[in-house]
Amino acid sequence: MGYELVRVVDPADWADFHAIRRVELFEARGRFGIYNDNHPHDYANFAHPFLLKWNGQALGTVRLDLFGGGRAAVRLVAITASEQKRGHGRVMEALVTEEARALGVHTLLVNAVETALGFYEKTGWEPFDWDPNELVDSPLPCIQMRKLL
């Protein structure tokens with residue numbers, strides 16, 4: 001079976017998508033009770049939420065937000081804690097890059113938390129200030145980066 005990057009449309013996939021993000025991106029960082037399963041950005045026309053599955057098991061999330069003009073942002077990237085440091089993130093990054101190319105994207109953008117900088121640099125990203133307004137209300141310090149496709 002192997003890896004699949006699944007577009008999140010099925011209710012069970014939405015449940016896995018939100019559970020992974022809630023635990024890994026919010027609760028693991030001490031942010032309890034604020035995650036919103038119904039955040040409008042997840043369901044907007046520009047948003048393309050994905051779930052990484054390995055042998056049918058959900059273990060990662062990413063959302064690709066299309067900006068137009070060949071640009072898109074990679075958002076809310078998470079791998080379940082028990083599966084981190086096993087190469088799944090690299091696979092997900094490569095698969096979402098393929099999806100972006102198929103959607104006509106030539107520049108990917110991300111607001112990377114400091115602990116993820118090494119990962120992004122190793123997968124072809126570079127520091128690049130693309131929108132300082134993106135960082136104004138960020139709960140964690142981030143570095144803006146880009147990847148040219």
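Note that the structure is a prediction, hence the values are computed from the model and not measured. Here, residue 1 is the first one in the sequence, and each next residue gets the next number.
Inter-residue side-chain proximity for L109 and R71 is flagged as met; some heavy-atom pair is nearer than 4.5 Å. Looking at I79 and M92, their side chains come closer than 4.5 Å, going by heavy atoms from C-beta outward. In this structure the side chain of T61 never reaches within 4.5 angstrom of the side chain of F50, judged on heavy atoms. When side chains are defined from C-beta on, L52 counts as touching H88, because their heavy atoms get closer than 4.5 Å. Contact of the P139 side chain with the R31 side chain is registered, since non-hydrogen atoms from C-beta on lie closer than 4.5 Å. V105 places a side-chain heavy atom less than 4.5 Å from the side chain of L149. Q84 has its side chain within reach of E24: a pair of non-hydrogen atoms, C-beta onward, lies under 4.5 Å apart. Looking at heavy atoms from C-beta onward, L25 lies out of side-chain contact with Y35 at the 4.5 angstrom threshold.
One finds no salt bridge joining R101 and E98 here, because no Lys/Arg side-chain nitrogen approaches an Asp/Glu carboxylate oxygen to under 4.0 Å. We find that K53 and D13 are joined by a salt bridge, their nearest charged nitrogen and carboxylate oxygen being less than 4.0 Å apart. The pair E27-R21 does not meet the salt-bridge criterion, since no charged nitrogen lies less than 4.0 angstrom from a carboxylate oxygen. A salt bridge links K147 with E93: the distance from a Lys NZ or Arg NE/NH1/NH2 to an Asp or Glu carboxylate oxygen falls below 4.0 Å.
A distance of 10.5 Å separates CG in L51 from CD in Q57, rounded to the nearest 0.5 Å. Taken from CG in D42 to CH2 in W14, the straight-line distance is 5.5 Å, to the nearest 0.5 Å. Rounding to the nearest 0.5 angstrom, the gap separating the CZ atom in R146 from the OG1 atom in T107 is 7.0 Å. Note that CG of L108 is 6.5 Å distant from CG of L64, once rounded to the nearest 0.5 Å.
In this structure, the side chain of H106 engages the main chain of G69 through a donor-acceptor pair within 3.5 Å.
For the pair L66 and A72, the tightest heavy-atom approach, listed with the atom from each and the gap, is CD2-CB, 3.8 Å. Shortest non-hydrogen contact noted between P132 and Q144 is N-OE1, 4.0 Å. Of all non-hydrogen atoms in I20 and A78, the two that sit nearest each other are CG2-CB, 4.0 Å.
Judged purely by distance below 3.5 Å, without hydrogens or angles, the side chains of H48 and R63 never pair a donor atom with an acceptor atom.
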Apply side chain to side chain contact (heavy atoms under 4.5 Å, CB included) to L117 and I143, showing your working. CA-CA 8 Å; L117 289 179; I143 304 297; 3.7 Å; yes

Evaluation steps, side chain to side chain contact (heavy atoms under 4.5 Å, CB included), between D16 and V8: CA-CA 9 Å; D16 288 340; V8 181; over 6 Å; no

Verdict with supporting geometry, R90 and K122, side chain to side chain contact (heavy atoms under 4.5 Å, CB included): CA-CA 9 Å; R90 283 180 179 266; K122 289 176 188 173; 3.5 Å; yes

Verdict with supporting geometry, L140 and R29, side chain to side chain contact (heavy atoms under 4.5 Å, CB included): CA-CA 10 Å; L140 298 171; R29 295 174 177 163; 3.4 Å; yes

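Y3 and V6 sit in two unconnected hydrophobic clusters of ILVMFWY residues. Membership requires side-chain heavy atoms under 4.5 Å apart, directly or through other members. Cluster membership check: L5 shares its hydrophobic cluster with W54, using side-chain heavy-atom separations under 4.5 Å among Ile, Leu, Val, Met, Phe, Trp and Tyr. The hydrophobic cluster containing M145 also contains F119, counting ILVMFWY residues as joined when their side-chain heavy atoms lie under 4.5 angstrom apart, directly or transitively. Residues V110 and V96 are members of one and the same hydrophobic cluster, defined by side-chain heavy-atom contacts under 4.5 angstrom among Ile, Leu, Val, Met, Phe, Trp and Tyr.
Using a 30° and 60° split on the angle between ring planes, F67 and W130 fall in the tilted class, from 30° to 60°. Ring-plane geometry between Y120 and W125 is classed as perpendicular, the angle between the planes exceeding 60 degrees on a 0 to 90 degree scale with a lower cut at 30.
Test L135, L76, V74, D131 against N111 for side chain to side chain contact (heavy atoms under 4.5 Å, CB included) and you get one pass: L135.
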